[in-house]
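Down below is the structure, laid out as structure tokens.
Not measured: the values here are computed from a predicted model. Heavy atoms only: backbone and side chains are in, while hydrogens, waters and symmetry mates are out.
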Amino acid sequence: MSIELSLGTAKAVIFDLDGTLYNKKGLPLRLIAADVPHMFMLGNERKARKELMGRWFGDEHAYYEALYARVAEMSHSTADKARRWYEDRYMPQMQRILKRHYHVEPWAEGMMADLRQRGIRTAVYSDYGCLRERLEALGFDCSWVDVVADAPALGGLKPCKESALSLCKMLGVDPTDTLMVGDRDDTDGESARRCGMRFQCVKL
């Protein structure tokens, strides 16, 4: 499978990762199976992220403080335990699962090369951290794109307007000259609309 981009006059294209550059089918179940003793923590992390989506925290540290505090509250634990679980177990486990079971879509490399040849800037933008490590696990070479950025590092999860505008600034383009490509209208699409970008929905 390949995708056709509706580029128009776009000077930059921002790609979501999960569900856009690879098929994430079965990933939540694999994450649960890989860490059954902490499956409640995983569920609470997903709930906490949903509560925090779209909010602007100003920087990465403030976002993660809020995330760990909320996960700890839901789990009747402490923020430090939530942080250690997330950093020492959850994210490394996700990278191992991605490397073992998933791979970037075969059209990705060629598409990025074609866009670069046409002078169009590119970025990969994800709501989860450790983005470079996850891309590497999927077989995606970060040199294929101009910018690799995760939303937490920019201060807020999609569809946070400030994070998306910061990404456009990193790309050196105006939002109105940018195409957002993603699989979710409520996050990727709404990020685009809040900034004046165009959005193209992709379903693998």
Interatomic spacing from CZ in Arg70 to CG in Asn44 - rounded to 0.5 Å: 8.5 Å
Connected via hydrophobic side-chain network under 4.5 Å: Met74 and Val71: no
CA sep, side-chain torsions, deciding dist, call: Asp16, Thr187, side-chain contact (heavy atoms from CB on, under 4.5 Å): CA-CA 10 Å; Asp16 167 58; Thr187 55; over 6 Å; no
Salt bridge present between Asp146 and Arg121 (N-O < 4.0 angstrom): yes
Linked, directly or transitively: Leu135 and Val145 (ILVMFWY side chains, under 4.5 Å): yes
Atom NE2 of His61 with >12 non-hydrogen neighbours under 6.0 angstrom: no
Crowding at CD, Glu133 (>12 non-hydrogen neighbours, <6.0 Å): yes
Shortest non-hydrogen contact from Leu165 toward Pro175: CD2-CG, 3.6 Å
Inter-residue atom distance Leu52.CG - Cys160.SG, 0.5 Å rounding: 11.5 Å
Backbone of Asp183 reached by a side-chain donor or acceptor of Lys203 within 3.5 Å: yes
Ser77 (side chain) donor-acceptor with Glu73 (main chain) under 3.5 angstrom: no
same_hphob_cluster(Trp144, Val147) at 4.5 Å side-chain heavy-atom cutoff: no
Side chain to side chain, Met94 and Cys130, heavy atoms closer than 4.5 Å: no
Between CG on residue Asp185 and CZ on residue Phe199, distance to nearest 0.5 Å: 5.5 Å
Arg89/Asp35 ion pair, N-O < 4.0 Å: yes
Heavy-atom donor-acceptor pair, Asp177 side chain to Lys11 backbone, under 3.5 Å: no
same_hphob_cluster(Val36, Leu31) at 4.5 Å side-chain heavy-atom cutoff: yes
For Asp18 against Tyr128, the heavy-atom pair lying closest together: OD2-CD1, 4.3 Å
Trp107 and Phe15 aromatic ring geometry - parallel, tilted or perpendicular at 30°/60° bounds: tilted
Pro159 backbone acceptor or donor facing Arg194 side chain under 3.5 Å: yes
Nearest heavy-atom neighbours spanning Thr20 and Gly182: OG1-CA, 3.4 Å
Residue pair Met111, Ile3: steps toward the side-chain contact (heavy atoms from CB on, under 4.5 Å) verdict: CA-CA 9 Å; Met111 178 172 289; Ile3 61 172; 3.5 Å; yes
Taking every non-hydrogen atom, the tightest pair across Gly139 and His103: CA-NE2, 4.1 Å
Connected via hydrophobic side-chain network under 4.5 Å: Val148 and Leu167: no
Expected output: side-chain Ser163 to main-chain Leu157 donor-acceptor under 3.5 Å: no
Pairwise distance CG(Leu154) to OH(Tyr125) - rounded to 0.5 angstrom: 5.5 Å
Nearest atoms (heavy-atom pairs only) where Asp88 meets Pro92: O-CG, 3.6 Å
Residue Arg116 excluded, over 12 heavy atoms near CZ under 6.0 Å: yes
Any side-chain donor near an acceptor of the partner, Tyr63 and Asp59, under 3.5 Å: no
Residue pair Met91 / Gln95, side-chain heavy-atom distance below 4.5 Å: yes
Pair Glu190-Met53, side-chain contact (heavy atoms from CB on, under 4.5 Å): steps then yes or no: CA-CA 11 Å; Glu190 185 60 22; Met53 64 183 286; over 6 Å; no
Pair Arg49-Glu45, salt bridge (charged side-chain N to carboxylate O under 4.0 Å, His left out): steps then yes or no: CA-CA 6 Å; Arg49 285 167 48 81; Glu45 186 269 349; 3.6 Å; yes
Residues Tyr86, Tyr64; criterion side-chain contact (heavy atoms from CB on, under 4.5 Å); working and verdict: CA-CA 10 Å; Tyr86 186 91; Tyr64 279 115; 3.9 Å; yes
Distance-only side-chain donor-acceptor flag, Asp80 / Thr78, under 3.5 Å: no
Any donor-acceptor pair under 3.5 Å from Thr176 side chain to Gly196 backbone: no
Nearest-0.5 Å distance, CG of residue Leu17 to CG of residue Leu131: 6.0 Å
Nearest-0.5 Å distance, CD1 of residue Ile14 to SG of residue Cys168: 4.5 Å
Name of the residue among Arg134, Lys24, Arg30 meeting side chain to side chain donor-acceptor pair (under 3.5 Å) with Tyr102: Arg30
Nearest atoms (heavy-atom pairs only) where Ser75 meets Met41: OG-SD, 3.5 Å
